[in-house]
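Here's the structure we're looking at; comments come further down.
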Amino acid sequence: MAKKDYQIYIDQRLCKGCDICVELCGKSVFTVSDKINQKGYYVPVPVNASDCSGCMICELICPEMAVVVVETETIGETA
Amino acid sequence: MQHHLLKYLRTELLPTAFCTGCGCGTVLNLFCHAIDELKLDPDDIISVTGIGCSSWIPSPYFAGDTLHTTHGRSIAFATGVKVMKPEKKVVVIAGDGDLSGIGGNHLIHAARRNIDITVLLVNNYVYGMTGGQVSPATPYETSTTTTPYGNPEHPFEIAELVAAAGSVYSARWTTYHIFHLKKAIKEAMNKKGFAFIEIFSQCPTSYGRRVGLREGIDILKEFKKNSVNIKNLKKFTEEELENKIVVGKMIERSRPEFVESLQDVNKKVMEET
Amino acid sequence: MKFVQGDEAAAYGAIFAGCNFFAGYPITPASEVAELMSLELPKVDGYYIQMEDEIASMGAVIGSVWAGGKSMTATSGPGFSLMQENIGYACMTETPCVVVNVQRSGPSTGQATKGAQGDVMQARWGTHGDHEMIALAPNSIQETFDTLIEAFNLSEIYRNPVMVMTDGEIGHIREKLVFPDPEELEIIPRRLAEEKIDIFGGERIPPMIEFGMGSQVHVTGSTHKSNGMRDVSTQSVHDELVRRIYEKIDSNRENIVRYKTEFIDDAEYLIVSYGASSRPAYGALENLRKSGLKIGFLRLITLWPFADRIISETGKNMKKIFVPEMNLGQISREIERFVTCKVIPVSKIGGIPHTISEIETKIRSNL
């Protein structure tokens, strides 16, 4: 069975750097950024997106609706 | 790329005014997911809120008709809305202080009447917006800005209280239990009658910092550690259950709904006269 | 025609005005309004709901209005006190609605079954912050009925709550009530915007948009911009909003204020009264005129906004003004602001209305 691939987007305008996604991701997809963004927040980076299992925890729990998880095959249809 | 559910929000007002790591945004996020999965038209949802941080979840962010009322009175206002617009979904989102403190009487009476509204009570243990004073939901002996020597009072078990008052649906989840909570919101929105969910939610700013849980994630981890599903209660001794958060569905049942009862009366009276 | 109490006349007036929603809580001497509304509203497909307290009642009334209702509540002093916060919310959100206050002796529980006029200033200033208020005081059963219709009309014209200040006397006495032909009544419908526009500004009295039209209406008691969205930090936004909700009534005083005058052309003295106390006051006036005293009569039907023009105009020619009222001088002191002559309160409290001779004696001994 082919493994599904996911792309993870973090909305730079919305993220406040609470790192809840970083902490709760079971696959350690995110890493804490060392770069501060325009608004003064350290926005996480999905460095290991290839490990994403598509569980959706990060998207659902994000308090800013800043995280979006998209199945790679469907990108063409929704984007 | 932005979140496809931002279409439900007044996006010009984003990012939210919530503190970093606050659970209010998670409730908003899950509410939008629930609405989307239920395929509800936001024009058919009327949000009614009170005063406090969690009242800001729909007001101003959720892009539908919104009535942001006085402190504690959202359910009373919502009662008037629902009676005159029974075809709409009326949702109240407000906090523990608002709905179980100053507005506690309206909460239990609306449950007793069984009026068809959905209430999401976001319980962050304190009056967050005013700086973290003790609320009717603050745990015993907890230090807050107005209980500097520890809370001498005991908290309400709000979901059980509302179930006892007569609601047809009452559940408790936390912002850690995202899948359960999303499902519960969908069930509550679909339930005919007074449907209630108590949502334990993290307030890192006004609660967490006084109890050594400075980040939102710290409180979420506590929720995970301290929650016991109501289905598993028998596995624990009373002692073990002390200070645990009992999550799950407290009650689900059917009773005649208030506005329908009023409509039945009108129909009967108008036929007679 | 019917022989009814003032409370019942208030309920019938509301039904004739098109009221279709009542939320209330029992209280003496206003309970009969609620009782009759619970009987009559279902006949016109309206809704009576009894709430858990007066705070909830006022809240439900406001909620129902935004959902399309034409709504009222009725109460007395203690309940009126509880309603004040939400009455302020109705002012700030420009929600048309009617509150009947069948006044009783206060403060606090006072004399629950006894009439009084002690809430006159509370009607004006009971809720916090700058605002204007419309308050009417009928003095008969027929006028109570008519006043309810006028109250609903004024609330729709000015998008403001309107207080109908009856009292335990007017509320409970029985007189004949002649029902008008509904066809001939002038009922002002709610002004609704036809498209999505700003409903909290743009013009002095903007139209409303009710919930459920897909317009994403945002209603808040916080300071808000003309589109309804909260802005609690910009000085000019608050200034513009609060001045507008004040001026929309203040600038229309002449269109709102109603009163009745008699014998003022030759008068050297004047009686000003309203509501229940205006009835024995008028008896006293008749006796005093018969005995040759040049005394005139001014009955306030509108308490707020205050009838300042007629008071100052007629007051110019008077040696003294006497003000019978069932409180310790609430309107009397208001009159003093607009006249230079002496204003003498003819106060009576304790639950028994003035007698004609009491008022007559007080006036004679102070000429």
Side-chain angles (χ1 to χ4, degrees), chain B residues 10 12-13 17 41-49 51 55-56 58-60 62-88 90 102-103 105-110 112-113 115 258-259 262-263 265-270 272-273, chain C residues 20-23 38-71 73 85-90 92-93 95 97 127 209-222 224 227-231:
Chain B
R10 293 184 171 102
E12 68 277 16
L13 302 171
D41 182 345
D43 286 346
D44 289 332
I45 296 170
I46 300 172
S47 309
V48 188
T49 78
I51 300 295
S55 289
W56 283 53
S59 169
F62 190 76
D65 291 326
T66 313
L67 187 61
H68 198 131
T69 76
T70 47
H71 192 23
R73 315 305 171 196
S74 48
I75 290 177
F77 282 69
T79 300
V81 172
K82 183 67 186 182
V83 169
M84 296 313 286
K85 280 265 184 282
E87 70 278 14
K88 300 292 177 187
V90 177
I102 187 169
N105 205 29
H106 311 308
L107 176 66
I108 55 174
H109 282 278
R112 176 182 63 79
R113 268 179 211 114
I115 185 163
F258 177 61
V259 183
L262 291 176
Q263 289 171 332
V265 168
N266 283 14
K267 210 172 148 211
K268 204 172 131 216
V269 171
M270 285 190 293
E272 283 167 5
T273 49
Chain C
N20 59 7
F21 183 92
F22 182 105
S38 73
L39 190 69
E40 292 297 320
L41 274 172
K43 297 177 187 170
V44 294
D45 205 14
Y47 296 99
Y48 167 88
I49 57 176
Q50 190 162 308
M51 298 301 288
E52 49 275 15
D53 55 37
E54 288 89 345
I55 302 172
S57 303
M58 195 63 217
V61 162
I62 296 166
S64 72
V65 171
W66 283 98
K70 196 157 180 177
S71 312
T73 185
E85 187 191 7
N86 283 341
I87 288 173
Y89 182 92
M92 191 64 154
T93 56
T95 306
C97 54
T127 197
I209 301 175
E210 291 166 356
F211 289 164
M213 313 301 287
S215 295
Q216 302 174 0
V217 175
H218 190 269
V219 183
T220 174
S222 291
H224 44 274
N227 64 1
M229 301 313 293
R230 193 164 30 217
D231 180 345

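Letters go in sequence order (proteins before strands), and every chain restarts at 1. A quick note: this is a predicted structure, and the numbers were derived from the prediction, not measured.
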Could you tell me which non-hydrogen atom of F21(C) sits nearest to which non-hydrogen atom of A60(C), and how far apart they are?
CE2-O, 3.6 Å

Taking V83(B), T66(B), D65(B) one by one, which has the highest count of heavy-atom pairs under 4.5 Å against chain C?
D65(B)

Contact class of T273(B) relative to chain C, heavy atoms under 4.5 angstrom
side chain

Proximal component of Q50(C), with respect to chain B [non-hydrogen, under 4.5 Å]
backbone

Can you tell which of G68(C), G69(C), G212(C), G228(C) has the highest number of heavy-atom pairs within less than 4.5 Å of chain B?
G212(C)

Of the backbone (N, CA, C, O) and the side chain (C-beta and beyond), which part of F258(B) lies under 4.5 Å from a heavy atom of chain C, both, or neither?
side chain

Contact leader toward chain C among V90(B), T49(B), I75(B), T69(B), where contacts are heavy-atom pairs under 4.5 Å
T69(B)

Does one side chain, of S71(C) or S64(C), offer a donor that lies under 3.5 Å from an acceptor on the other?
yes

Bottom line for V81(B): the part with an atom under 4.5 Å from chain C's heavy atoms is both

Please state whether the side chain, the backbone, both or neither of M58(C) comes within less than 4.5 Å of a heavy atom of chain B.
neither

Counting only non-hydrogen atoms closer than 4.5 Å, does L13(B) touch chain C with its backbone (N, CA, C, O), its side chain (CB onward), both, or neither?
side chain

Find the one option among G63(C), S222(C), S215(C), G214(C) whose heavy-atom pairs under 4.5 Å with chain B are most numerous.
G63(C)

Side chain to side chain, V259(B) and I115(B), heavy atoms closer than 4.5 Å:
yes

Side chain D53(C), main chain A56(C), donor-acceptor under 3.5 Å:
yes

Checking N266(B) side chain against G46(C) main chain: does a donor-acceptor pair fall under 3.5 Å?
yes

Identify the heavy atoms of W66(C) and T93(C) that sit nearest to each other, and give their distance.
CZ2-O, 3.4 Å

With chain B, the option among I209(C), V61(C), I49(C) that has the most non-hydrogen atom pairs under 4.5 Å is I49(C)

Where on I46(B) is there a heavy atom nearer than 4.5 Å to chain C: the side chain, the backbone, both, or neither?
side chain

With a 4.5 angstrom heavy-atom cut-off, is it the side chain or the backbone of R112(B) that approaches chain C, or both, or neither?
neither

Who among K88(B), R73(B), K268(B), H106(B) has the most heavy-atom pairs with chain C under 4.5 Å?
H106(B)

Chain C contact via E272(B) - side chain, backbone, both or neither, heavy atoms under 4.5 Å
neither

Out of D43(B), T79(B), V269(B), L67(B), which one racks up the most heavy-atom pairs below 4.5 Å with chain C?
L67(B)

Looking only at the side chains, is there a donor atom on one of R10(B) and H218(C) sitting less than 3.5 Å from an acceptor on the other?
no

T73(C) side chain vs A23(C) backbone, donor-acceptor pair below 3.5 Å:
yes

Chain B: which of T220(C), D45(C), I55(C) shares the most heavy-atom pairs with it under 4.5 Å?
D45(C)

Mind telling me whether H68(B) and W56(B) have parallel, tilted or perpendicular rings, with 30° and 60° as the class edges?
perpendicular

Would you call M51(C) and H109(B) a side-chain contact if the rule is heavy atoms closer than 4.5 Å?
no

Can you measure from CD (E85(C)) to NE2 (H71(B)) and round to the nearest 0.5 angstrom?
9.0 Å

